[in-house]
Amino acid sequence: MLTASTVSSTAVQDLLSHCKTLGHIKQLHAHILRTVSDHRRSSFLFNLSSSSSSININYSLSLFSSIPSPPEPFLFNLLLRNLSRSDEPRATILFYQRIRHAGGRLDQFSFTPILKAAAKVSAFFEGTELHGLALKIATLSDPFVKTAVMDMYACCGKIVEARKVFDEMPQRDVVTWNTMIVRYCRCGFLEEAFELFEEMKCSNVMPDEMILCNIVSACARSGNTGYNSAIYEFLKENDVRMDAHLLTALVTMYAGAGCMDIAREFYTKMSVRSLFVSTAMVSGFSKAGRLEDARDIFDRMEKKDLVCWTTMISAYAESDHPEEALRVFDEMCRYGTEPDEIALGSVVSACASLGVLEKATWVHEYTHRNGFESSLTVNNALINMYAKCGGLDAARGVFEEMPTKNVVSWSSMINAFSMHGEANDALALFARMKQEHVEPNDVTFVGVLYGWSHSGLVEEGKKIFASMTNEYNITPKLEHYGCMVDLFGRANRLPEALAVIESMPMAPNVVIWGSLMSACRVHGEIELGELAAKHVLELEPDHDGALVLMSNIYAREERWDDVRKVRRGMEEKNVLKEKGVSRIDLNGESHEFLIGDKRHKRSDEIYAKLKEVVSELKLAGCVPDCGSVLVDV
DNA sequence: TTAGGGTTAG
């Protein structure tokens with residue numbers, strides 16, 4: 001490549017700029033060493049070789065020794081920058097130590113890359129040293145250096161120190177504000193981030209799209225929907241430029257908060273839509289109960305990944321469309337996307353709400369064939385699925401064979417026993433759980449209390465409920481109070497059930513009042529039943545059970561005008577008593593039964609058998625409950 | 001001859 005010994009300085013520069021490989025640089029270097037005595041040449045070569053791609057970094061570092069000491073900052077700043085941006089940011093700090101060792105001095109341009117590297121690798125010790133050095137040589141007045149110092153502290157987990165540097169800055173621009181806001185967000189100090197954002201607006205610094213992007217994502221994470229409309233107004237009023245990052249953050253926030261029309265407004269503004277943002281839309285629509293809109297976005301997506309398929313599957317599984325969930329799952333498998341444990345968890349819960357034991361068994365076998373037999377998520381879902389499909393033994397089988405169990409596994413199994421009326425087994429399992437030192441959580445207690453309430457063991461139930469706060473430090477939730485109302489209600493201890501409702505720290509919902517109402521109906525407690533029904537109707541004016549109960553109470557008291565009023569109201573609003581459907585799947589065929597239903601082809605045989613069972617029950621001393629018979633009078 | 005900031009789905 002180089003033959004003449006008289007290459008000029010400009011020619012060297014020209015050749016260097018054309019060096020494409022490390023080999024070229026080495027050739028040139030050798031030539032310079034042979035022909036050029038001026039020591040500035042090696043510095044020059046060092047500098048240029050530092051400036052380009054990462055292949056030169058090691059070479060540049062080795063060249064550094066040939067630079068006469070003390071080196072000038074302009075010589076190594078470029079290499080510091082490249083090192084700090086490389087995959088090995090720690091090398092920046094090592095190189096900085098070499099510079100100091102060689103007696104080199106830093107200028108304000110040297111600090112930022114070293115501090116950035118210190119931030120990346122959390123080198124708090126070196127970072128603090130640099131802070132001191134910056135103070136000493138007065139470069140700390142430079143806003144760039146100050147921002148980098150601040151960021152270094154924040155990245156090393158010293159958010160208070162970072163804020164101190166921030167507060168001491170005489171002037172702050174939009175980057176300074178953003179850096180502090182971002183660091184607060186990363187530490188989870190969202191309120192501090194919002195406060196700073198407000199302060200920033202007051203100090204007449206105009207937020208740009210990066211700041212807004214962070215604030216929007218902080219809003220999304222905080223779950224504080226109070227900011228959502230304020231942000232929307234701000235964007236409209238200030239005509240903020242929106243790039244893909246900001247739009248993504250906006251769509252995610254509004255979709256997460258269920259404001260789907262606003263989310264869609266931003267989503268349609270995007271020219272390129274990532275998988276993330278589209279999946280956020282699918283998820284948002286499905287959580288808002290708008291399954292068709294979710295499906296529409298889903299169908300329009302050109303590329304789909306596992307997360308996106310899973311979102312659609314769980315959307316159907318959780319909104320009582322289990323058949324569709326399984327169809328989407330089949331489609332996903334046909335497209336060659338392998339399910340993971342989260343996807344399978346959704347499929348299993350779809351089977352649970354389908355209530356079809358046959359399908360459940362198939363999914364169970366599928367999970368085992370595909371290597372998920374040890375998966376906690378899948379096995380926990382299988383326990384719930386079998387419990388809901390009536391397969392208590394199968395649920396127990398899954399539970400016992402699990403190589404590792406967590407609190408969810410135990411709670412699911414306890415709940416499975418309770419659901420099937422096996423209170424003793426539920427309580428025995430709870431005792432075993434304690435023996436094995438697994439800490440129960442609030443869900444565990446729902447299962448346990450449910451078991452007690454159905455077994456009529458009132459005193460034990462009271463003790464367990466008290467132990468939640470006294471022994472386990474778990475604050476009872478609405479569901480736990482509901483179980484207690486149920487417990488007293490079933491045991492015909494209605495005043496105590498009412499006392500539970502009155503002692504609740506939160507407002508009772510329809511389920512709670514409904515539970516008391518049903519207990520009053522069963523035990524013929526008219527006055528309290530009326531009170532409970534009135535509360536139910538306050539919360540849900542069309543509640544069929546409460547309306548029927550009210551009309552029955554009035555009928556019993558021969559208040560026929562009131563009966564007619566309630567009945568007419570129900571007819572006008574088209575409130576029909578919801579009828580419970582029972583379904584059994586047998587040999588691939590589905591059989592449905594309604595109250596008084598004679599559609600089944602073997603209806604006669606079924607009713608004959610029913611008659612037989614009822615007479616046997618009567619012989620055993622069971623008396624039918626006629627409390628609801630008035631319903632159909 | 002060079003410097004500081006961002007988002008994201010089950």
Side-chain angles (χ1 to χ4, degrees), chain A residues 43-44 47-48 50-51 72-82 84-85 106-116 119 139 142-152 154-155 165-166 169 172-183 185-186 207-221 242-253 255-256 263 266 270 273-287 294 297-298 301 304-315 317-318 328 332 337 339-347 377:
Chain A
S43 319
F44 175 65
N47 198 342
L48 274 177
S50 325
S51 66
E72 289 301 309
F74 75 84
L75 270 177
F76 50 72
N77 284 347
L78 209 56
L79 183 57
L80 280 172
R81 187 194 70 181
N82 286 338
S84 75
R85 290 177 184 172
L106 307 178
D107 67 4
Q108 79 259 38
F109 297 112
S110 327
F111 279 95
T112 38
I114 313 170
L115 284 162
K116 192 177 174 181
T139 49
D142 186 298
F144 286 80
V145 177
K146 255 199 171 132
T147 307
V149 168
M150 183 181 98
D151 203 29
M152 178 276 297
C155 290
V165 176
F166 177 85
M169 286 174 80
R172 304 177 192 113
D173 64 7
V174 70
V175 178
T176 325
W177 286 98
N178 191 37
T179 308
M180 196 64 229
I181 288 173
V182 167
R183 293 308 164 211
C185 292
R186 296 266 161 91
D208 64 3
E209 65 267 30
M210 282 200 200
I211 294 246
L212 285 163
C213 188
N214 288 310
I215 289 296
V216 167
S217 101
C219 286
R221 276 202 289 157
M242 295 204 208
D243 60 9
H245 288 302
L246 179 53
L247 284 168
T248 301
L250 283 166
V251 171
T252 316
M253 176 180 78
F266 291 116
M270 300 182 81
R273 292 161 188 152
S274 67
L275 256 172
F276 285 110
V277 80
S278 297
T279 308
M281 287 294 287
V282 174
S283 160
F285 271 132
S286 66
K287 279 184 195 135
I297 302 267
F298 179 78
M301 289 172 74
K304 296 183 178 82
D305 67 355
L306 181 59
V307 177
C308 154
W309 283 105
T310 312
T311 309
M312 201 64 240
I313 294 169
S314 359
E318 283 158 23
V328 177
M332 177 184 101
T337 306
D340 65 357
E341 52 180 357
I342 303 176
L344 282 173
S346 295
V347 172
T377 315

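Excluded from the calculations below are hydrogen atoms, water molecules and symmetry mates; all remaining heavy atoms, backbone and side chain alike, are included.
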Item to check | A:Asp107 side chain to A:Ser110 backbone, donor-acceptor under 3.5 Å | outcome: yes
Checklist entry - Does B:dG10 have OP1 or OP2 sitting under 4.0 Å from an N or O in the side chain of A:Lys287? => result yes
Checklist entry - Going by modelled atom types, is there a donor-acceptor pair between the base of B:dG4 and the side chain of A:Asn178 at under 3.5 Å? => result no
Checklist entry - A:Leu250 CG to B:dG6 P: how many Å, rounded? => result 18 Å
Item to check | d(CZ, A:Arg221; C1', B:dT7) in whole Å | outcome: 11 Å
Checklist entry - Would you say a side-chain N or O of A:Lys116 is under 4.0 Å from OP1 or OP2 of B:dG4? => result yes
Next on the checklist: Restricting to side-chain hydrogen bond (donor to acceptor under 3.5 Å, both in side chains), what partner residues turn up for A:Ser283, sequence neighbours left out?
Outcome noted: A:Lys287
Checklist outcome for this item: Against the side chain of A:Leu78, the closest entry in B:dT2, B:dA9, B:dG5 is B:dT2
Checklist entry - Can a side chain N or O of A:Arg172 be found less than 4.0 Å away from OP1 or OP2 on B:dG5? => result no
Checklist entry - Sub-3.5 Å donor-acceptor pair from the side chain of A:Asn77 to the main-chain atoms of A:Leu80, do we have one? => result no
Checklist entry - Is any N or O donor-acceptor pair between the side chain of A:Asn214 and the base of B:dG5 shorter than 3.5 Å? => result no
Checklist entry - Heavy atoms under 4.0 Å, any strand shown: does A:Leu247 hit a base, just sugar-phosphate, or nothing? => result nothing
Item to check | Rounded interatomic separation in angstrom, taking CZ from A:Arg81 and P from B:dA3 | outcome: 5 Å
Checklist entry - What's the CE-P distance between A:Met180 and B:dG5, to the nearest Å? => result 15 Å
Next on the checklist: Rounding to an integer number of Å, can you tell me how far A:Met152 CE sits from B:dG5 P?
Outcome noted: 14 Å
Next on the checklist: From CD1 of A:Ile342 over to C1' of B:dA9, roughly how many Å is that when rounded to an integer?
Outcome noted: 11 Å
Checklist entry - Base, sugar-phosphate, or nothing for A:Ala255, non-hydrogen atoms under 4.0 angstrom? => result nothing
Item to check | Atom-pair distance (CG on A:Asp142; P on B:dG4), nearest Å | outcome: 11 Å
Checklist entry - Can you check side-chain contact (heavy atoms from CB on, under 4.5 Å) on A:Met281 and A:Phe298, steps first, answer last? => result CA-CA 9 Å; A:Met281 287 294 287; A:Phe298 179 78; over 6 Å; no
Checklist entry - Between A:Arg172 (side chain) and A:Pro143 (backbone), is there a donor-acceptor pair under 3.5 Å? => result no
Checklist entry - Given B:dG10, B:dG5, B:dT8, which nucleotide is nearest the side-chain atoms of A:Val175? => result B:dG5
Checklist entry - With no angle test and no hydrogens, is the base of B:dG4 tied to the side chain of A:Thr176 by a donor-acceptor pair under 3.5 Å? => result yes
Checklist entry - If you take atom types as modelled and just measure distance, does the side chain of A:Thr147 reach the base of B:dG4 with a donor-acceptor pair under 3.5 Å? => result yes
Checklist entry - Reckon A:Arg85 has a side-chain N or O less than 4.0 Å from the OP1 or OP2 of B:dA3? => result yes
Item to check | Integer-rounded Å distance: B:dT1 C1' and A:Gln108 CD | outcome: 12 Å
Item to check | B:dA9 pyrimidine/purine six-ring stacking with A:Phe276, under 5.5 Å and 30° | outcome: no
Next on the checklist: Determine whether a donor-acceptor pair (one donor, one acceptor, N or O, separation below 3.5 Å) exists between the side chain of A:Thr311 and the base of B:dG10.
Outcome noted: no
Next on the checklist: Base, sugar-phosphate or nothing for A:Leu115? Non-hydrogen atoms, less than 4.0 Å.
Outcome noted: nothing
Checklist entry - Can you list the residues that meet the salt bridge (charged side-chain N to carboxylate O under 4.0 Å, His left out) rule with A:Arg183, with sequence neighbours excluded? => result A:Asp151
Checklist entry - Out of B:dG10, B:dG5, B:dA3, which has the shortest distance to the side chain of A:Phe144? => result B:dA3
Next on the checklist: Please classify the nucleic acid contact of A:Thr248 as base, sugar-phosphate, or nothing, using heavy-atom distances under 4.0 Å.
Outcome noted: base
Checklist entry - Which part of the nucleic acid, if any, lies within reach of A:Val174 when heavy atoms closer than 4.0 Å are counted: base, sugar-phosphate only, or nothing? => result base
Checklist entry - Which part of the nucleic acid, if any, lies within reach of A:Leu246 when heavy atoms closer than 4.0 Å are counted: base, sugar-phosphate only, or nothing? => result base
Next on the checklist: Can a donor-acceptor pair be found, under 3.5 Å and without considering hydrogens, that links the side chain of A:Ser314 to the backbone of A:Ala317?
Outcome noted: no
Checklist entry - According to a strict under-4.0 Å criterion, is A:Ser217 in side-chain N/O contact with OP1 or OP2 of B:dT8? => result yes
Checklist entry - Does any N or O donor sit under 3.5 Å from an N or O acceptor when you compare the side chain of A:Asp243 with the base of B:dG6? => result yes
